[in-house]
There are 2 protein chains.
Amino acid sequence: MKPTSIKDIAHMASVSITTVSFIVNGKAEQMRISKKVIERVQAIIDECDFVPNQVARSLRTGNTKTIGLIVEDISNPFFGSIARKIEDKAYKKGYKISYSSTENDPVKAKELIEMFKSRQVDAYIIAPVPGIESDIKQLLAEKIPVVIFDRNLADLEVNFVVVDNFNGTYMATKHLIDKGKKNIAFVTVDVHVDQMNNRFYGYEKALEDHRIPYNERIYSEISFDSNDDNTNAQLMLLFKKNPEIDAVLFSTNYLAIKGLGVLKQINKPINDDFTIVSYDDHDVFRLHTPPISVVDQPIEEIAERIIDIVLHELMSGSKSSAKHEISKITLQPHFIER
Amino acid sequence: MKPTSIKDIAHMASVSITTVSFIVNGKAEQMRISKKVIERVQAIIDECDFVPNQVARSLRTGNTKTIGLIVEDISNPFFGSIARKIEDKAYKKGYKISYSSTENDPVKAKELIEMFKSRQVDAYIIAPVPGIESDIKQLLAEKIPVVIFDRNLADLEVNFVVVDNFNGTYMATKHLIDKGKKNIAFVTVDVHVDQMNNRFYGYEKALEDHRIPYNERIYSEISFDSNDDNTNAQLMLLFKKNPEIDAVLFSTNYLAIKGLGVLKQINKPINDDFTIVSYDDHDVFRLHTPPISVVDQPIEEIAERIIDIVLHELMSGSKSSAKHEISKITLQPHFIER
DNA sequence: CTGAAAGCGCTAACAG
DNA sequence: CTGTTAGCGCTTTCAG
């Protein structure tokens, strides 16, 4: 059973294809097609549940009404929540989202961009991995709207929405220092994207500003691809070998969650003598006993800014090749003391 | 800068469009195109970074190599994890995923199916909401592969992958009874999809089998659309008004998380005298003090089964209109005692 | 006010 | 072995 096409409708209504097309696209008035015809055709359209074939339309018009979303991992609540918000807003404007997870793999990321390109998505929202600068540059050269978020790519003239990571860890570290902590460990991931670097710099600077020497022994870098056992072993080692640690700052929520697991396992209590802080909030931290303080990223706002920029470019940007205003947005994280 | 088309390539290589098309689609050998030509054309293709326009291809061939994923909420870790797994496997077979969240709204769900239809997705993976049976039936009539999951739609001959919800809550309730609990509250959501009903039935049956009367006063149904404050207030009321409650079984993880929040707020300790159990695992429960027992759904397996069915139908199903074998898969949840 | 017709980029018969 | 050609379903210009 072939789906009905515009041709079928035209035939049934005994009008031309053109007429149907105008009616379908709401240009009937403008084209001054008679009310009677409009009504008659519309009735037939409703009757047949006719929905125009978007693929054909895309081929003709060149836009697919689809936005490509490339993140690290859609199952991570941070990205999931953003995806959700973006979807909502885009949907209201008639856009759909196609997503893909890069797993921080530049090769996969490149493939994904290629794939989206062949599918002619109208715009891209990307949480970039290192090494795709050139691909993004290419997109830009083709005047395709792009917004990157979460991480910035320093030398690229592209829209971005990021959070002030430096300030986030600075606040967190300062908080710990103010609490009298002297040996604050820093646990991070070995993905040296801009935002991770800044989180480290914030920590380092806060130590420096308070004349606490940076101690390499209590800095731990977990491999992104590390499996659970390895990660746990590495964290355990950190705690065992450095009993002087009186606080830990985790640079991502999933590391902090792993850390809590390890601490539980080795029966190391969290209290006034041993505090932990996570970057990125999570239900776990709120409900933990005792509750865990966090650096919270304004997820809603991030998503909103992203989709606003995208939709704005999609509306105005492409038609007028006017001055290409680039949006560079840095939002402030909040330190939530618990 | 228009992207290069197959025509451009043909022109540059001084061959016909057909030749290029065959080479691009790997049918060159089969069509016995000379090695030399293949190499020369391939070189030009590489040079230009030519990627065929998938939209045009879709229009021509009728398939878009895209799978539509319709879930309740992509930011819920349960759906997010499944989405992730599905994406992985589909990607390896050259399929992409378009997702959408229904928010349990049948109207939106219908619109989404319509939208996907107009975009000609090749297959559907749906966590159904009540009231879209007819739309799914329509899809089936058009011989489009569909798999539903999480919830079953009783009277529909469609592939499904679900978990034995009845058994899940039965096990959980039995566990609590074995621990000596007499007043087990049940907190659920007001979305009466098949799987939620079964969760309640499992609870009810376990009580009955152990001669514990069902007590309506400690059954609480939270509105899906309820905001945080309302939900909290309702839960608080439940606990305050029924101090005899010695255990609570939550039918979803997000309700259990809210529940934990409320209990913390009213300083009600969780211990041997007051136990809580959640349906669906979550990091929160594992790391909670004390840890919370859960009914765990085999997420990986759910995702795997779903995508296997879809890909299988996509490969074989459509071309041979042979006997349409329907896969009805019910997986067993596990009770994790903590 | 409405219709004819030219493609969008690609695939796949069918001809050489 | 390679080229010609007819569409896939739709939009849109240009004629009536």
Side-chain angles (χ1 to χ4, degrees), chain A residues 1-42 44-45 48-65 94 117-122 142 319, chain B residues 1-42 44-45 48-65 117-122 319:
Chain A
M1 185 175 87
K2 271 219 159 322
T4 39
S5 79
I6 197 170
K7 202 196 257 167
D8 301 330
I9 303 287
H11 192 247
M12 289 189 222
S14 315
V15 293
S16 83
I17 294 176
T18 314
T19 308
V20 179
S21 174
F22 284 148
I23 293 171
V24 167
N25 294 300
K27 293 186 182 161
E29 305 277 289
Q30 186 182 327
M31 288 304 169
R32 306 197 302 175
I33 288 173
S34 69
K35 264 223 155 52
K36 273 184 204 161
V37 175
I38 296 181
E39 270 169 26
R40 187 159 51 84
V41 175
Q42 192 60 55
I44 296 178
I45 288 174
C48 303
D49 279 329
F50 168 69
V51 184
N53 181 326
Q54 178 64 34
V55 175
R57 185 181 275 179
S58 296
L59 180 58
R60 185 64 236 257
T61 61
N63 58 40
T64 52
K65 291 280 182 185
K117 229 165 161 177
S118 80
R119 284 180 155 75
Q120 317 280 113
V121 306
D122 294 345
E142 293 173 26
K319 75 181 172 196
Chain B
M1 186 175 86
K2 270 218 160 322
T4 38
S5 80
I6 197 169
K7 204 196 255 166
D8 301 329
I9 303 286
H11 193 247
M12 288 190 224
S14 313
V15 294
S16 81
I17 295 176
T18 314
T19 308
V20 179
S21 174
F22 284 148
I23 292 172
V24 167
N25 294 300
K27 292 187 185 162
E29 304 277 290
Q30 188 182 326
M31 288 306 172
R32 306 197 301 175
I33 290 173
S34 70
K35 265 222 155 54
K36 275 184 205 162
V37 175
I38 296 181
E39 271 169 27
R40 187 159 50 86
V41 175
Q42 192 61 53
I44 296 178
I45 289 174
C48 305
D49 280 328
F50 167 68
V51 184
N53 181 326
Q54 178 64 35
V55 175
R57 185 181 276 178
S58 296
L59 180 57
R60 186 62 237 258
T61 61
N63 58 41
T64 51
K65 291 280 183 183
K117 231 165 159 174
S118 81
R119 282 179 157 76
Q120 317 282 112
V121 307
D122 294 345
K319 74 181 171 193

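The sequence lines fix the lettering, A, B, ..., with proteins before strands; numbering per chain opens at 1.
- Counting only heavy atoms from C-beta outward, the side chains of A:Gln42 and A:Ile45 approach each other to under 4.5 Å.
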Side-chain donor/acceptor pairs under 3.5 Å, residues 9-18 of chain A, sequence neighbours excluded:
from: A:Ser16; atom 1: OG; to: A:Thr18; atom 2: N; distance (Å): 3.2
from: A:Ser16; atom 1: OG; to: A:Thr19; atom 2: N; distance (Å): 3.3
from: A:Ser16; atom 1: OG; to: A:Thr19; atom 2: OG1; distance (Å): 3.1

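- Of the candidates D:dG9, C:dG9, C:dG3, C:dG3 carries the atom nearest the A:Ser16 side chain, counting heavy atoms from C-beta on.
- Spacing between atom CZ of B:Arg119 and atom C1' of D:dC10 amounts to 15 Å, rounded to whole angstrom units.
- Under the 4.5 Å side-chain criterion, counting only non-hydrogen atoms from C-beta, A:Thr64 is not in contact with B:Gln54.
- B:Val24 comes within 4.0 angstrom of nothing in the nucleic acid, heavy atoms only.
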Q) Hey, mind stepping through B:Ser21 and B:Val24 against side-chain contact (heavy atoms from CB on, under 4.5 Å) and telling me if it holds? A) CA-CA 5 Å; B:Ser21 174; B:Val24 167; 5.7 Å; no

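- Between the P atom of D:dC10 and the NZ atom of A:Lys7 lies a distance of 10 Å, rounded to the nearest Å.
- Here the OG1 atom belonging to A:Thr4 is positioned 11.5 Å from the CD1 atom belonging to A:Ile44, to the nearest 0.5 angstrom.
- Straight-line distance from the CZ atom of B:Arg40 to the P atom of D:dC1: 15 Å, rounded to whole Å.
- Phosphate contact (OP1/OP2 of D:dC8, side-chain N/O of B:Ser58, threshold under 4.0 Å): absent.
- Closest to the side chain of B:Arg57, out of D:dC10, D:dG3, C:dC10, is C:dC10.
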Q.
I'd like to know whether B:Lys65 forms a side-chain contact (heavy atoms from CB on, under 4.5 Å) with B:Arg57, so could you lay out the CA-CA distance, the side-chain angles of the two residues, the decisive distance to 0.1 Å, and finally the verdict.
A. CA-CA 10 Å; B:Lys65 291 280 183 183; B:Arg57 185 181 276 178; over 6 Å; no

Taking only nitrogen or oxygen atoms into account, show me every contact under 3.5 Å that the protein makes with nucleotides 12-16 of chain C, one pair per line with its distance.
from: C:dA12; atom 1: OP2; to: B:Lys27; atom 2: NZ; distance (Å): 2.9
from: C:dA12; atom 1: N6; to: B:Thr18; atom 2: OG1; distance (Å): 3.3

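- Residue B:Val15 is classed as a sugar-phosphate contact, given heavy-atom separations below 4.0 Å to backbone atoms only.
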